[in-house]
Amino acid sequence: MSGIDEKTQKHIEKKESVLQSVDKKAVEKQSQMGKLQARDRIHAILDPGSFHEYDLFVEHRCQDFGMEKKLLPGDGVVTGTGKIQGHPVCIYAQDFTVAGGSLGLAHARKITKIMDHAVKLGVPIIGINDSGGARIQEGVNSLAGYGEIFYRNTLASGVVPQISIILGPCAGGAVYSPALTDFVFVVDKITKMFITGPEVIKTVLGEEISMEDLGGARIQAEISGNAHFYSTSEAECFEQVSRLVTFIPWNNRKRADRFPPKLPKGQWDINEIVPLDPRQPYDVRHVIQALVDDSDFLEIQEHFAANIVTGFARLNGETVGVVANQPLVLAGVLDVDSSDKAARFIRFCDAFNIPLLTLVDLPGYLPGVDQEHAGVIRHGAKILYAYSEATVPKATIILRKAYGGGYIAMCSRHLGADFVFAWPQAEIAVMGPEGAANIIFRKEIAEAADPDAMRKIKVEEYKEKFANPYIAAANGHVDAVITPVETRDFLIRTLEVALQKHEERPARKHGIQPN
Ligand code: HXC
């Protein structure tokens, strides 16, 4: 062994012995489930050769239930630093093959150490969750570990981006770390995320449900809204993570990287996408793709509350956060879930210096007993709060309908939009012409010889007078009425001047956002 002294040789052997002391059965089981091993996951996400592992030799101190004899390699979690497409990140991956990835105090302290590191370095923190939860043998010490993680998740919120990838069980209180982070990734048939498992539900409630139907990836992406990205394999999930990281800045003092500007791909003619008839649906994502660089749009929470679309794109090379009503789903109304979805996204963009582009086409808030009882008042208030609070550049385009509370909520001038543009077919009014005419001309319509004909006349009269962008423009609520083809150019020029924006607010400890 020329060139290697005895101590170095011993170190190499010690390191190898930790890395090789795997539970072969557990590893085999993991592979059979389509799951990679913890280190392989990290290597698959990071740039080749960029991973530096820390705390490989950390050991637990538990002396109970036979634990004193159990050596748990790395204490069931792998931590370190690396790069994604050249961007530095801190990362950890729980190792289910070591005591089910269960979280004891040493395991938790490895995680909190790498989280502290991420905040000090000002880089994103990525956590891969695959764990049976609090290590039962360690009792209150494992609960302490979770608490220390949640505390750091909260302190890191709005300072560095936090990404959670759920690649296995994430059960009990463990779910609250991902819930406190900015983006949650789930994978079909691999993610299992719930507070109380099927066994407990059966015992307490007498109901039978599979893990998949309780907290599988689809449920989290479509129904609960806990997840932001859904994929069908770990490889696809890692590509999504990599793409996301290119759109967002490393920390709250930086702007996202600028990319070389690209024209939209041209598969959509922007004049043709939005039908003139306000009742006709269309896919607002086509408008986004017709406006942004390379038609490249990274949608967030694509499968949840699809009546609003949120995601990242670039304009002239600069990242923007897009919020758009989706007329294809529930006519694009605001409701409990879409308000929550949009508000959280807006707050992320505001915290991380990402300008907001809002595309408006909605009939208002969704009416109905269900929504009222579900708290549409307090949930709906979140979007007002988020837009009003945001001090990043805010540009709004009213594509077609902007009625009632919906007009105000969708980043109107009144909530602090810096630029409000409207297309010529925009209708900005308290409500739709039909509803409005029925109320204010009720008498004339009722008393007419032909009420239907009179209703039509009155609806047209109302439309002529109010259902257009010019009254709003005459009052300065709209800065410019622009044509669809002019829009990209307007937005790029707007962004050029707006990137310098700096807005101060009255000093306070923090606001109290509605929930
Ligand atoms: C210690 C654990 C463990 C845990 C799993 N293991 N969970 N050890 N503490 N919480 C160990 C198992 O004993 C087993 O060890 C190995 O990990 C693999 O587990 P299996 O059960 O064989 O795996 P599988 O059949 O795939 O089932 C996975 C599972 C199940 C569904 C996650 O292990 C499970 O139900 N675990 C408990 C989940 C749970 O209730 N967690 C909540 C804890 S309370 P051996 O040596 O046999 O290989 C909690 C509160 C936190 O988390 C509160 C914070 C606020």
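First listed ligand is number 1; within each ligand, the first listed atom is number 1. Predicted model only: the values in this text are computed from it and were never measured. Below, each value reflects all heavy atoms present in this structure, side chains not excepted, and no hydrogens, waters or symmetry copies. Here, residue 1 is the first one in the sequence, and each next residue gets the next number.
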Could you list the atoms of ligand 1 found under 4.0 angstrom from a heavy atom of [X]?
X: Tyr146; value: 51 (C), 54 (C)
X: Met211; value: 31 (C)
X: Pro169; value: 32 (C)
X: Ala99; value: 2 (C), 6 (N), 8 (N), 11 (C), 17 (O)
X: Leu143; value: 51 (C), 53 (C)
X: Ser102; value: 1 (C), 3 (C), 4 (C), 8 (N), 9 (N)
X: Phe150; value: 55 (C)

Task: N-O pairing of Arg285 and Glu299 below 4.0 Å - done: yes
- [ ] Run the salt-bridge test on Glu503 and Lys501 with the 4.0 Å N-O cut-off and return the result as yes or no.
- [x] yes
Considering all protein heavy atoms, does one lie under 4.0 Å from [atom]?
atom: atom 52 (O) of ligand 1; answer: yes
atom: atom 40 (O) of ligand 1; answer: no
atom: atom 9 (N) of ligand 1; answer: yes
atom: atom 28 (C) of ligand 1; answer: yes
atom: atom 25 (O) of ligand 1; answer: yes
atom: atom 17 (O) of ligand 1; answer: yes
atom: atom 33 (O) of ligand 1; answer: no
atom: atom 14 (C) of ligand 1; answer: no

With a distance cut-off below 6.0 Å to the six-membered ring centre and an angular limit of 45° from the axis, does [X] pair with [Y] as a cation-pi contact?
X: Arg218; Y: Tyr230; result: yes
X: Lys110; Y: Tyr54; result: no
X: Arg41; Y: Phe238; result: no

Open item on the list: Just to verify, which of Gln9, Lys15, His11 counts as forming a side chain to side chain donor-acceptor pair (under 3.5 Å) with Glu13?
Closed with: Gln9
Identity and distance of the protein heavy atom lying nearest [atom]:
atom: atom 48 (O) of ligand 1; result: Asp23 OD2, 4.6 Å
atom: atom 46 (O) of ligand 1; result: Lys70 NZ, 4.2 Å
atom: atom 20 (P) of ligand 1; result: Lys29 NZ, 4.3 Å

Task: Sub-4.5 Å side-chain heavy-atom contact between Asn226 and Val184 - done: no
Open item on the list: Is the shortest side-chain heavy-atom distance between Asp75 and Val98 below 4.5 Å?
Closed with: no
Would you check the N or O atoms of [X], main chain and side chain alike, for any that come under 3.5 Å of an N or O of ligand 1?
X: Gly172; value: no
X: Ile136; value: yes
X: Gly132; value: yes

For residues [X] and [Y], is any side-chain donor paired with an opposing acceptor at under 3.5 Å?
X: Gln220; Y: Thr191; result: no
X: His228; Y: Asp182; result: no
X: His379; Y: Asp340; result: yes

Open item on the list: With a heavy-atom distance limit of 4.0 Å, tell me whether Glu199 approaches ligand 1 through its side chain, its backbone, both, or neither.
Closed with: neither
